[in-house]
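Read through the structure below, which is laid out as structure tokens, and then see the notes.
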There are 2 protein chains.
Amino acid sequence: MSANFSVSEENYIKAIYHIQQSVDTVSTNALAEQLKTKPASVTDMLKKLKTKKLLHYEPYQGVRLTAEGRKLALGIVRKHRLWEFFLVEKLQFGWDEVHEVAEELEHISSKKLIDKLDAYLDFPRFDPHGDPIPDSSGRMAAQQQINLIDLPLNTPAEVCSVGSQSAELLELLTHKQISIGTRLEVKKQFGFDHSIEIRVKNQPAFTISQQLAQVLFVKRV
Amino acid sequence: MSANFSVSEENYIKAIYHIQQSVDTVSTNALAEQLKTKPASVTDMLKKLKTKKLLHYEPYQGVRLTAEGRKLALGIVRKHRLWEFFLVEKLQFGWDEVHEVAEELEHISSKKLIDKLDAYLDFPRFDPHGDPIPDSSGRMAAQQQINLIDLPLNTPAEVCSVGSQSAELLELLTHKQISIGTRLEVKKQFGFDHSIEIRVKNQPAFTISQQLAQVLFVKRV
DNA sequence: AAATTATTTTAGGCAAATCTAAATTTTATT
DNA sequence: AATAAAATTTAGATTTGCCTAAAATAATTT
Ligand SMILES: [Mn+2]
Ligand SMILES: [Mn+2]
Ligand SMILES: [Mn+2]
Ligand SMILES: [Mn+2]
């Protein structure tokens, strides 16, 4: 029961899982880009993971996780998000500095460890970026985040994650005084450049670009 | 600054450090046994670690850590013991089930993580087995444990670790009602078979074999 | 439909970490 | 000192995960 997979294999499975959230079938190139590796290396790994029955793969046809592959992916996502929660809630990390560390911690194999950590943290349902945490049987709450672009007018919402951690984005967010937890609503949408006008608390409304809105994720409050 | 070492390299460095606690220079065979690998593999790795200046090695001469190697070893030992403390104190693991998990956790690379964990745990000085935890600059308390064989007569002491976790040993300890934290003193030593008579609390004294005494470590209280 | 372009796979190679078997060196014993 | 035994190293393979360059296939454009 429950084989042991390498860090590389786990990273592939998790990446496929994430890409499958938006497309049905995952291409070799998409995986190579996500994993910062080359398409030829991806093909090699796909052949191996197929023999391990973690995914469906036919040459040139792209790839989809099997039920078993999805189960493995959910286990890794669970570990990743629980560790992120731990780092922020207990160790006082900032939400923008936990990802890389969790990228390593998610590969610690002990199931007992992660279940005890879950209990210690009091079974959190969302990680510091607002993403739902699968429970020990792989179930999780529906994604509550939507892109700021898709938030209807005059609907109060709260920023719960950002789609990038680049220094340039963080600089802009700092200047605009937007951070995780900021309450806002959209007052106007401009079709010409897809910029939107938002209002934070009772301050005067201001405009943000399409590019910025696209990396902001919010949930209704 | 501060290069990045593989899990394998780190395990070798830590093993050499531990063996050097009892002998000055570490043999290829001793390392192979400790790491459950073959002497030929050890030789390969020693050549590599030598080029990385972590140890002094001349063919057939055995091996000793350099200052840099020792520093790396202390960092790994620090991580191992802090994680063990975390697992026992926060996650309610038993002291006898933390070693394997810590064996993985000790290779998580973030220095910030380990320093924040240290602070969160309130800078513990000893791990659940009574072994001292190096601080962030590599300093640690002197080893306070001594072998039960070496405890003088009529000196109150407390069991703080056992030299093995075999099921057979644990069965015997359970039967004798000895566990981590048990207070005892040695009442008699028998030269013939090196068995010793000990007394736990106010119960009647009883005898334990040399083999058992040799795997029990205590500190004076 | 043919040609061009993009995607994906194959072929061949490399570095890390391991192994077995054979050769070498050191240590212990006669 | 010579021999036997033990420890260690070398030689040659293997597996994993990655790479580049070339070939094959699929998708798009003319
Ligand atoms: Mn990872
Ligand atoms: Mn997250
Ligand atoms: Mn280890
Ligand atoms: Mn310990």
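Keep in mind that the numbers below use all heavy atoms, side chains included, and drop hydrogens, waters and symmetry copies.
For A/K52 and D/dT15, the NZ to C1' distance is 11 Å, given to the nearest whole Å. As rounded to whole Å, 10 Å separates atom P of C/dT9 from atom CG of A/D44.
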### Heavy-atom protein contacts under 4.0 Å, nucleotides 21-26 of chain C, coded B base, S sugar-phosphate only, - none
B--BSS
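Distances shorter than 4.0 Å separate none of the side-chain N or O atoms of A/N29 from OP1 or OP2 on C/dA6. A sub-4.0 Å separation between OP1 or OP2 of D/dA7 and a side-chain N or O of B/T28 is absent. Residue B/K47 places at least one side-chain N or O under 4.0 Å from the OP1 or OP2 atom of D/dT10. Distances shown here put every side-chain N or O of B/S41 at or beyond 4.0 Å from the OP1 or OP2 atom of C/dT18. For the pair B/S8 and C/dT18, the criterion of a side-chain N or O lying under 4.0 Å from OP1 or OP2 is met. Applying the 4.0 Å criterion to OP1 and OP2 of C/dT8, one finds that A/Y57 has every side-chain N and O outside that range. For B/K38 and C/dT20, the shortest distance from a side-chain N or O to OP1 or OP2 is below 4.0 Å.
No donor-acceptor distance shorter than 3.5 angstrom exists from the side chain of B/K219 to the backbone of B/C160, with no hydrogens or angles considered.
At least one cation-pi condition fails for A/K47 and A/Y57: the charged atom is not both under 6.0 angstrom from the six-membered ring centre and inside a 45 degree cone around its axis.
The distance between the ring centers of B/H129 and B/H99 does not fall below 6.0 angstrom. Aromatic pair A/F5/A/Y12: centroids not less than 6.0 angstrom apart.
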### Working for side chain to side chain donor-acceptor pair (under 3.5 Å), residues A/N11 and A/H107
CA-CA 9 Å; A/N11 283 337; A/H107 305 290; 3.0 Å; yes
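Residue A/T43 places its side chain closer to C/dT10 than to any other of D/dC18, C/dT10, C/dT18.
Only one option out of A/R81, A/R78, A/R139, A/Q145 pairs with A/P132 in a side chain to side chain contact (heavy atoms under 4.5 Å, CB included); it is A/R81.
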